[in-house]
There are 2 protein chains.
Amino acid sequence: MTELSTMKDGVANQAEASDRVLQILAEAGRLFASKGFEGTSMRDIALACGISKSLLYHHFSNKDEIYARVAVGSTLELYLFVRDRIPDGPPSQKIRAFMVATAEYFRRYRWAWIASTTAFWNDPDRQRHKERLTRRDRFENFLRGLIQEAIDAGEIRKVDVPMTGRLILSSLNWMHRWYNPNKSATPEQIADTFFDMIFNGLRSGELVELPAAEPPKAGRRKSR
Amino acid sequence: MTELSTMKDGVANQAEASDRVLQILAEAGRLFASKGFEGTSMRDIALACGISKSLLYHHFSNKDEIYARVAVGSTLELYLFVRDRIPDGPPSQKIRAFMVATAEYFRRYRWAWIASTTAFWNDPDRQRHKERLTRRDRFENFLRGLIQEAIDAGEIRKVDVPMTGRLILSSLNWMHRWYNPNKSATPEQIADTFFDMIFNGLRSGELVELPAAEPPKAGRRKSR
DNA sequence: GTTTTCACCGACCGATCGGTCAAGCCCGGC
DNA sequence: GCCGGGCTTGACCGATCGGTCGGTGAAAAC
């Protein structure tokens with residue numbers, strides 16, 4: 001199921017592409033990620049690759065296509081990548097695997113990930129942007145299915161499913177803003193920690209029954 | 001506490017500014033938020049305001065200053081805004097108030113918020129960002145203090161404090177990517193829901209019946 | 001009544017943008 | 001030999017970029 005693993009320097013899913021094309025995609029992804037789409041010129045990309053600007057137009061028809069190959073081509077198989085890493089077992093563990101797999105994808109295709117989630121995300125008139133959003137919808141709906149599964153199995157509370165999905169995805173999607181690859185924790189470890197926090201909650205103590213009758217302010221005490 | 005509330009159209013903390021300047025800041029914020037800093041030209045801003053491009057340079061020295069007034073000027077008092085809305089009471093409720101207050105700030109200064117968290121966040125020329133980042137650090141450290149407080153009070157588990165802060169902030173910081181002001185839930189309600197999910201966890205409580213033959217869930221429980 | 005101040009504008013600047021094009025370079029097949 | 005065809009280039013294009021300049025008109029200050 002991982003025949004899609006033709007990759008180089010974090011450029012995902014670019015089968016049958018020449019070394020030069022892969023180089024361009026890698027450099028362009030890095031630049032898009034750090035300076036944005038509008039902030040990156042074709043001259044920047046050419047300079048980073050050590051080639052002439054014209055050569056970019058030999059391999060790609062325009063700037064949008066480079067971005068599409070970086071971003072769309074990279075989110076292309078996120079859904080499949082994650083789906084294939086969901087084990088059989090209790091639904092809650094599937095959610096955990098979902099988070100860890102997404103984090104692994106982030107780690108492997110980091111620049112392309114950042115580029116695709118950063119650049120002109122709300123430009124309404126970009127045709128291929130819609131394709132990417134469709135893929136992300138499928139990805140998100142997959143997560144919602146897992147959450148519903150966990151609810152049906154009685155593993156998690158009867159929470160609002162879309163909102164729960166947004167919380168989980170938020171914890172992963174914001175990671176690129178603070179994640180430092182030189183620090184010790186891997187994205188997978190971070191995702192695992194976040195799953196623990198979200199699934200088990202932060203609250204200490206065994207679940208004694210709810211202080212339901214109590215107004216929130218007066219609540220819990222256990223002075224230090 | 002709210003002497004900082006000179007605002008118009010979601011432009012925060014722009015005291016003693018003329019109507020025209022406020023208009024420019026509002027329109028520029030909206031454009032920066034939707035098209036990014038590099039993607040927004042001075043002509044765009046002038047056109048949106050119905051004025052000439054020259055007039056922008058009469059009121060501001062350059063494009064960066066407009067961005068600074070929108071973004072830096074808006075995150076300027078986020079820390080104070082939130083701090084003043086933290087009630088006395090149990091630390092966990094302070095964390096909840098922190099989240100709700102941040103969400104309120106997001107709702108009130110939405111465009112400026114998006115512009116400041118979107119545009120060239122990792123520009124190598126961090127100088128103009130340093131001030132803004134310093135403020136955000138203070139903001140984040142404030143949250144970490146609340147988390148530590150809750151741990152010391154025994155209200156929440158002995159979790160990793162910075163990581164917990166990142167989870168909480170992620171849930172809020174990613175909101176602008178999916179929040180729809182036309183839908184029913186307010187940002188404050190969303191933040192409240194997220195607090196409940198993170199604090200109490202998703203896992204169903206003891207009262208859930210144990211399906212007799214069901215194998216246990218692979219030992220994810222963390223004992224404290 | 002004169003001068004100063006200030007919001008405002010149209011024309012313009014050099015630089016850079018995305019993109020084009022005709023021509024060279026290189027290398028395997030005749 | 002020399003012939004095609006893919007890789008590569010520098011010169012160039014119109015458009016647009018951020019920013020400047022000289023000036024206008026009306027109110028405020030003297």
Side-chain angles (χ1 to χ4, degrees), chain A residues 8 14-72 115 118-120 123 125-129, chain B residues 8 11 14-72 115 119-120 123-125 127-129:
Chain A
K8 172 180 181 173
Q14 305 291 350
E16 55 198 74
S18 70
D19 284 352
R20 174 112 300 163
V21 167
L22 291 179
Q23 180 200 11
I24 293 171
L25 291 174
E27 293 293 344
R30 210 172 41 78
L31 287 168
F32 286 151
S34 59
K35 303 175 26 171
F37 178 79
E38 310 281 356
T40 301
S41 72
M42 295 295 271
R43 286 166 179 82
D44 291 338
I45 300 173
L47 187 67
C49 295
I51 60 178
S52 74
K53 187 164 63 80
S54 309
L55 189 51
L56 297 176
Y57 288 94
H58 174 70
H59 290 294
F60 302 90
S61 61
N62 53 39
K63 190 181 177 183
D64 275 12
E65 192 192 325
I66 299 183
Y67 174 79
R69 286 286 291 276
V70 169
V72 182
T118 300
F120 57 76
D123 196 333
D125 63 341
R126 300 276 180 168
Q127 190 53 34
R128 52 175 132 266
H129 207 56
Chain B
K8 172 180 182 176
V11 178
Q14 304 291 350
E16 54 198 76
S18 69
D19 284 354
R20 178 111 296 165
V21 167
L22 291 179
Q23 180 200 11
I24 292 171
L25 290 174
E27 293 292 344
R30 211 173 41 78
L31 287 168
F32 286 151
S34 58
K35 302 175 26 170
F37 178 80
E38 309 282 356
T40 301
S41 73
M42 295 296 269
R43 286 167 179 82
D44 291 338
I45 300 173
L47 187 66
C49 294
I51 60 177
S52 74
K53 188 162 65 76
S54 309
L55 189 52
L56 297 178
Y57 288 93
H58 174 71
H59 290 293
F60 302 90
S61 61
N62 53 38
K63 190 181 177 183
D64 276 13
E65 191 192 326
I66 298 182
Y67 174 80
R69 286 285 292 274
V70 169
V72 181
F120 57 73
D123 195 325
D125 176 18
Q127 194 52 37
R128 52 191 157 187
H129 287 301

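Residue numbers start from 1 in every chain, and the chains themselves are labelled A, B, ... in the order their sequence lines are given, proteins ahead of strands.
- Between B/Asp19 atom CG and B/Ile24 atom CD1 the span is 11.0 Å, to the nearest 0.5 Å.
- Here the side chain of A/Ile51 is nearest to one of D/dT9, D/dT8, C/dC8, namely D/dT9.
- Rounded to an integer number of Å, the gap from A/Phe60 CZ to D/dC7 P is 12 Å.
- With B/Glu38 contributing its side chain and A/Phe37 its backbone, the two residues share no donor-acceptor pair below 3.5 Å.
- Phosphate proximity of C/dC6 to B/His59: absent, as no side-chain N or O sits under 4.0 Å from OP1 or OP2.
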Decide side-chain contact (heavy atoms from CB on, under 4.5 Å) for A/Leu47 and A/Lys53; before the verdict, give the C-alpha distance in whole Å, the side-chain angles of both, and the deciding distance to 0.1 Å. CA-CA 8 Å; A/Leu47 187 67; A/Lys53 187 164 63 80; over 6 Å; no

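- The distance from atom NE2 of A/His58 to atom P of D/dT9 is 11 Å, rounded to the nearest whole Å.
- Paired with A/Lys35 under the rule side-chain hydrogen bond (donor to acceptor under 3.5 Å, both in side chains), one option of A/Thr40, A/Thr118, A/Asp44 passes, and it is A/Asp44.
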Going through the distances and angles, do A/Ile66 and A/Met42 end up as a side-chain contact (heavy atoms from CB on, under 4.5 Å)? CA-CA 10 Å; A/Ile66 299 183; A/Met42 295 295 271; 3.9 Å; yes

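- How far CD of A/Glu27 is from CG of A/Leu56: 11.0 Å, rounded to the nearest 0.5 Å.
- Of the side-chain N and O atoms in B/Arg20, none sit less than 4.0 angstrom from OP1 or OP2 of C/dC6.
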Every protein N/O within reach of nucleotides 14-24 of chain D N/O, cut-off under 3.5 Å:
from, atom 1, to, atom 2, distance (Å)
D/dC17, OP1, B/Ser41, OG, 3.4
D/dG18, OP1, B/Thr40, O, 3.3
D/dG18, OP1, B/Lys63, NZ, 2.7
D/dG18, OP2, B/Met42, N, 2.9
D/dG18, N7, B/Arg43, NH1, 3.0
D/dG18, O6, B/Arg43, NH2, 3.0
D/dG19, OP2, B/Tyr57, OH, 3.1
D/dG19, OP2, B/Lys63, N, 2.9
D/dG19, N7, B/Lys53, NZ, 2.4
D/dG19, O6, B/Lys53, NZ, 2.2

